Amino acid sequence: MFSKALAPEYQGALSALSVNSSLTDVLAAATEQLAGARRAGDAHETARAALAVAEAHRRLGHVEAADRAWKSSYRTARSAGDVPAMAWALWSGGTLARQRGALPLAFRLLRYAADLGKQGGDIVAHGYSLAGLAETGRIQGDYEAVGALHDELLAEARARGEARHTVWALEGIAQMHRNSGRYDTAYELFEEAAGIAAAADDRRGRAWALRGLADIVSVRDGDAARALELLGEAEASCREMNLSSALAYNHKMRANVLYRAGRYAEALAMYEQALGEFRAMDEPRGEALSRLGSVKARARLGADPAARTAAELAELGGILDGMGLRHARAMVDKALAELCPSFEETC
């Protein structure tokens with residue numbers, strides 16, 4: 001039995017905020033609370049309000065403001081000797097680092113966060129930080145290293161009835177199965193995650209699960225219409241909550257679905273839209289993946305000469321290598337193998 005999804009990153013006076021609260025509303029409330037806590041000289045509340053400010057800015061794609069806010073939260077918590085608050089601030093900073101493609105920094109900050117969460121007796125901060133480490137490794141493509149950690153965190157979340165973390169773990173495990181070609185298993189896990197998220201009123205988690213289901217329906221079943229329908233439902237939640245990053249990834253997946261359906265002109269337009277969204281929020285992983293889609297779509301449309309396609313793919317391969325994204329790098333190699341033989345020129 002799962003409880004209603006909670007947002008433990010909203011703490012202190014902000015703990016009444018819902019996991020489904022609009023991020024613009026969260027930012028406004030947290031900014032007001034931060035100012036009040038500073039005036040009152042309450043360091044503990046200041047650190048917690050700054051954490052909420054950081055998370056709202058991060059999810060809205062305001063990366064510079066998010067960076068300032070989590071660091072402010074950490075400094076304040078450290079000055080007050082508030083170890084759990086220090087852990088949460090480092091968790092936020094590590095999550096932001098992953099979002100920006102700085103994976104070594106993300107690993108370092110999240111390890112510190114996990115240690116401090118354990119030291120401070122905050123099992124939720126400790127668990128969220130371990131989850132952050134697992135997700136960073138998964139995004140990197142190191143499934144062997146983090147698969148067991150995902151399974152362990154899933155078991156713990158189920159045992160505690162934590163819907164939000166159960167959904168997160170299921171989606172992460174599902175994504176690894178999907179990327180390994182085990183589509184049926186991935187679909188079942190995404191479907192379970194969507195169901196738990198719906199029952200727990202976790203609209204963010206459900207939106208990500210629907211995106212995963214759309215991907216499987218598209219790549220396994222070739223059902224573009226159903227995939228686009230699922231993405232449309234997910235997009236509505238993203239817009240209601242102003243989830244900028246999730247919305248951009250939704251648009252990139254929509255482009256993937258269109259590309260697989262042979263609707264290359266539509267796919268190119270959607271890839272370009274997602275690219276602009278990722279650039280606006282300084283999210284290099286999403287930007288690189290959107291660029292890859294654009295290159296492929298333009299090649300299919302015959303818009304680019306083979307030499308330009310090969311050069312762009314080589315550049316993207318170098319970028320992804322530099323970020324340590326193994327699975328994404330393999331996607332570039334696959335694109336090169338698929339596209340080059342279709343041209344008269346030699347790539």
Side-chain angles (χ1 to χ4, degrees), residues 4-37 45-74 85 88-89 91-100 106 124-125 128 131-132 135 163-165 167-168 171 197-198 200-211 231-253 273-274 276-283 285-287:
K4 185 175 180 179
L6 301 174
E9 65 270 34
Y10 303 150
Q11 302 170 7
L14 299 169
S15 60
L17 290 170
S18 164
V19 68
N20 298 320
S21 295
S22 164
L23 292 177
T24 51
D25 292 342
V26 171
L27 182 57
T31 300
E32 181 178 356
Q33 180 61 25
L34 177 60
E45 188 63 25
T46 296
R48 283 156 176 75
L51 171 68
V53 169
E55 282 301 286
H57 276 306
R58 180 182 68 79
R59 291 164 176 160
L60 286 166
H62 309 156
V63 293
E64 297 300 333
D67 191 55
R68 290 192 297 270
W70 83 258
K71 289 175 180 175
S72 172
S73 176
Y74 178 77
W88 277 108
W91 165 79
S92 180
T95 305
L96 177 64
R98 181 178 65 242
Q99 181 174 315
R100 302 180 78 170
V124 180
Y128 266 55
E135 186 166 348
R164 189 180 179 198
H165 245 212
V167 168
W168 165 83
E171 290 172 352
D201 193 25
D202 177 5
R203 282 184 281 171
R204 181 187 297 125
R206 180 168 170 76
W208 282 105
L210 291 177
R211 177 182 174 274
L231 289 170
E233 183 180 347
E235 179 167 346
S237 293
C238 293
R239 291 193 179 279
E240 287 172 9
M241 299 172 63
N242 296 308
L243 298 174
S244 302
S245 180
L247 184 60
Y249 275 106
N250 181 291
H251 289 158
K252 189 191 72 68
M253 182 57 69
Q273 179 178 335
E277 292 167 342
F278 285 123
R279 281 177 172 163
M281 66 183 73
D282 189 21
E283 190 160 342
R285 174 172 168 262
E287 180 180 341

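Note that this is a predicted model, so its numbers are computed, not measured.
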Rounded to the nearest 0.5 Å, how far does CG of L243 lie from OG of S22?
->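 One finds 8.5 Å between OG of S22 and CG of L243.
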Sequence neighbours excluded, which residues qualify as salt bridge (Lys or Arg N to Asp or Glu O under 4.0 Å) partners of [X]?
{"X": "E9", "result": "R59, R164"}
{"X": "R58", "result": "E55"}
{"X": "R285", "result": "none"}
{"X": "R68", "result": "none"}

With M241 as reference, evaluate V26, T24, L247, N20 under the side-chain contact (heavy atoms from CB on, under 4.5 Å) test and give the passing residue.
->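 Output: one option passes, namely N20.
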Under a 4.0 Å N-O cut-off, is there an ion pair linking D202 with R206?
->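 A salt bridge is absent here (no side-chain N lies under 4.0 Å from a carboxylate O).
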Does any donor atom in the side chain of E283 or S245 lie under 3.5 Å from an acceptor atom in the other side chain?
->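 Yes - a donor-acceptor pair under 3.5 Å links their side chains.
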What are the two closest heavy atoms between T46 and L34, and how far apart are they?
->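 So the minimum-distance heavy-atom pair works out to O-CD1, 3.5 Å.
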Taking the side chain from E45 and the backbone from G12, do they hold a donor-acceptor pair closer than 3.5 Å?
->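 No.
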Determine, step by step, whether L210 and L231 satisfy the side chain to side chain contact (heavy atoms under 4.5 Å, CB included) criterion, reporting the C-alpha distance in whole Å, the side-chain angles of both residues, the deciding distance to 0.1 Å, and the verdict.
-> CA-CA 7 Å; L210 291 177; L231 289 170; over 6 Å; no
In chain order, what residues pass the side chain to side chain contact (heavy atoms under 4.5 Å, CB included) check against A85, with sequence neighbours excluded?
->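 A85 satisfies side chain to side chain contact (heavy atoms under 4.5 Å, CB included) with A47, R48, A77, D82 once adjacent residues are dropped.
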Which is it for M253 and E235 under the side chain to side chain contact (heavy atoms under 4.5 Å, CB included) test, yes or no, and what are the steps along the way?
-> CA-CA 11 Å; M253 182 57 69; E235 179 167 346; over 6 Å; no
Do other residues, nucleotides or ligands put more than 12 heavy atoms under 6.0 Å from the CD atom of E32?
->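 Incorrect, the count does not exceed 12.
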Could you tell me whether the side chain of P8 reaches within less than 4.5 Å of the side chain of W88, counting heavy atoms only?
->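 Side chain of W88 against side chain of P8, heavy atoms only: contact under 4.5 Å found.
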Full working for side chain to side chain contact (heavy atoms under 4.5 Å, CB included) between Y249 and K252 = CA-CA 5 Å; Y249 275 106; K252 189 191 72 68; 4.1 Å; yes
Could you pull out all residues at least two apart from W208 that satisfy side chain to side chain donor-acceptor pair (under 3.5 Å)?
->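 None.
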